[in-house]
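Please read the structure below before turning to the comments.
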Amino acid sequence: MEYEFERRSQADDQPYEVTSFAKKYGLTIPAADAVLFAKGPSRTACDAAALAFLCAVAARKQSGR
């Protein structure tokens, strides 16, 4: 009988550290802290929120605001 186990590194189960998250996405420490606070410990949710934040900042720059 074969069993399949989900392979995840321990880092995937741990919340981000603010400084490393900020460096990963090029965010300021306050912006990174706000994203992490809003999205909790889920790395997947935090990654998605960081990308959405960066897209919103880029769109705002293009609109001239």
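Just so it is clear, the values below take in all heavy atoms, side chains as well, and ignore hydrogens, waters and symmetry mates. In what follows, residues are counted from 1 in the order of the sequence shown.
- Separation of atoms OG1 (T19) and NZ (K24) is listed at 14.5 Å; rounding is to 0.5 Å.
- Side-chain contact between D33 and L27 is absent, with no heavy-atom pair separated by less than 4.5 Å.
- Nearest heavy-atom pair, A50 versus V35, reported as atom, atom and distance to 0.1 Å: N-CG1, 4.1 Å.
- By the 4.5 Å heavy-atom criterion applied to side chains, Y25 and L51 are counted as neighbours.
- In this structure, F37 shares a hydrophobic cluster with no other residue, the cluster being traced through Ile, Leu, Val, Met, Phe, Trp and Tyr side chains under 4.5 angstrom apart.
- With respect to the salt-bridge test (charged N to carboxylate O, under 4.0 angstrom), the residues D47 and K39 do not qualify.
- For the residue pair R43 and Q14, the shortest heavy atom distance occurs at NE-O, 2.7 Å.
- V18 and A32 get closest at one heavy-atom pair: O-CB, 4.0 Å.
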